[in-house]
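Whatever order the structure lists them in is the order used to number ligands and atoms, beginning at 1.
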Amino acid sequence: MNKILICLEAGNTNYYEDLINVSNKISEKNEIWAISFDEKIDIKNSNIDKLIKIKCSQADKYNNKVIAEYIKEIHCNENFDYVLFSATVLGRMIAPRVAMALDTGLCADVTEIEKNGEDIVMVRPAFEGKLFASIVCDKKPVMMSIRPLMFKNEKNINSKKITKIYEDSITPTDSVVIQDRYKKPKTKDIRSSDILISGGSGIKDQFAKLYTLADNLDGNVSASRWLVDRGYVKRDIQVGQSGKIVSPKLYIALGIHGTSQHVVGLKNVQHLISVNKNKNAPICFISDVVVEGDAVTFIDMLNQRIEKNM
Ligand SMILES: Cc1cc2nc3c(=O)[nH]c(=O)nc-3n(C[C@H](O)[C@H](O)[C@H](O)COP(=O)(O)OP(=O)(O)OC[C@H]3O[C@@H](n4cnc5c(N)ncnc54)[C@H](O)[C@@H]3O)c2cc1C
């Protein structure tokens with residue numbers, strides 16, 4: 001008789017059938033225990049013999065350290081032959097912790113179970129799926145994570161009801177402590193920005209003002225090479241042939257002439273506004289809106305207008 005523990009994720013009963021089917025493939029004579037960190041879990045017809053429902057805080061339901069510690073404890077009391085997880089994001093975090101704690105191996109991402117005499121062979125893809133590795137673990141408990149939905153259609157589930165339900169709880173660990181809050185940082189890569197406020201030599205001494213405008217419009221700052229070459233800004237925000245090709249919805253070009261090397265970087269821009277003292281600068285001919293005048297005055301007025309309406 002094999003004693004098998006399957007670990008069910010809180011809020012996710014999609015894959016428990018895989019785990020039961022794998023348990024039945026391992027051995028028909030088995031005792032299947034399930035552990036769930038969701039006390040409201042609702043599994044009616046299954047092959048599970050014993051279900052342990054754990055009452056714990058919302059944070060601990062997804063805390064891989066807490067869950068791993070609990071599984072380790074229950075294994076020490078019950079001495080399972082096999083411990084099974086789903087190879088989901090959470091399962092992939094918990095399983096290695098448990099394996100380390102129990103000093104055993106872990107076969108991750110199992111897609112098939114085979115038998116070789118007495119041995120249970122766990123099959124998993126290797127080398128980007130070009131090969132399949134057959135793995136036998138000679139330590140107990142044998143641990144594996146099962147690739148979701150690989151065993152779902154095996155129809156080994158019968159209508160046996162869960163025999164026994166145990167309840168237990170974990171004392172809140174306060175493991176999640178909010179120490180500080182940060183505003184989500186805006187994307188740093190100008191290639192993935194929707195709004196770019198871009199400056200050229202015409203705005204060199206007032207470049208810092210671009211950051212205020214970018215903040216107000218929830219965008220990022222970029223620049224022409226003129227400013228990069230002279231050390232005003234870093235190269236990673238340079239637009240153009242020797243910089244980056246950008247694709248924002250809105251590009252505001254402030255004091256940028258629009259040489260061919262700069263314009264190459266603008267081919268995917270959806271809307272272009274340029275502000276230039278010289279309305280005959282090349283960039284004005286490819287712009288949707290041209291503002292003839294001083295770029296610094298334009299920024300100040302636009303910032304004031306936005307801040308007034310905030
Ligand atoms: C091989 C090679 C690769 C290059 N790659 C790039 C590249 O990837 N990206 C790039 O940007 N450049 C590149 N360059 C450089 C490019 O040729 C230009 O020299 C550069 O783009 C000019 O930058 P700019 O438009 O900011 O400055 P300028 O050419 O000096 O133009 C400034 C503009 O601002 C206007 N202006 C001035 N004062 C004001 C004001 N107060 N208000 C409003 N408007 C004002 C002027 O009328 C003018 O149109 C490359 C050059 C070479 C040779």
Cationic tip of K204 above Y232 ring, under 6.0 Å, 45° of axis: no
Main-chain N/O of D109 paired to R124 side chain as donor or acceptor, under 3.5 Å: no
Pair S198-Y251, side-chain donor/acceptor within less than 3.5 Å: yes
Near ligand 1, at a heavy-atom separation below 4.0 Å: residues by chain and residue number: G200, S201, G202, S224, R225, W226, Q238, V239, G240, Q241, S242, G243, G255, I256, H257, T259, Q261, H262, V275, N276, K277, N278, A281, G293, D294, A295
Sequence neighbours excluded, every pair satisfying ring-ring contact (aromatic ring centres under 6.0 Å, His included) that has a member inside residues 257-291: none
Donor on one side chain, acceptor on other, N30 and N2, under 3.5 Å: no
Donor-acceptor under 3.5 Å (N116 side chain, D119 main chain): no
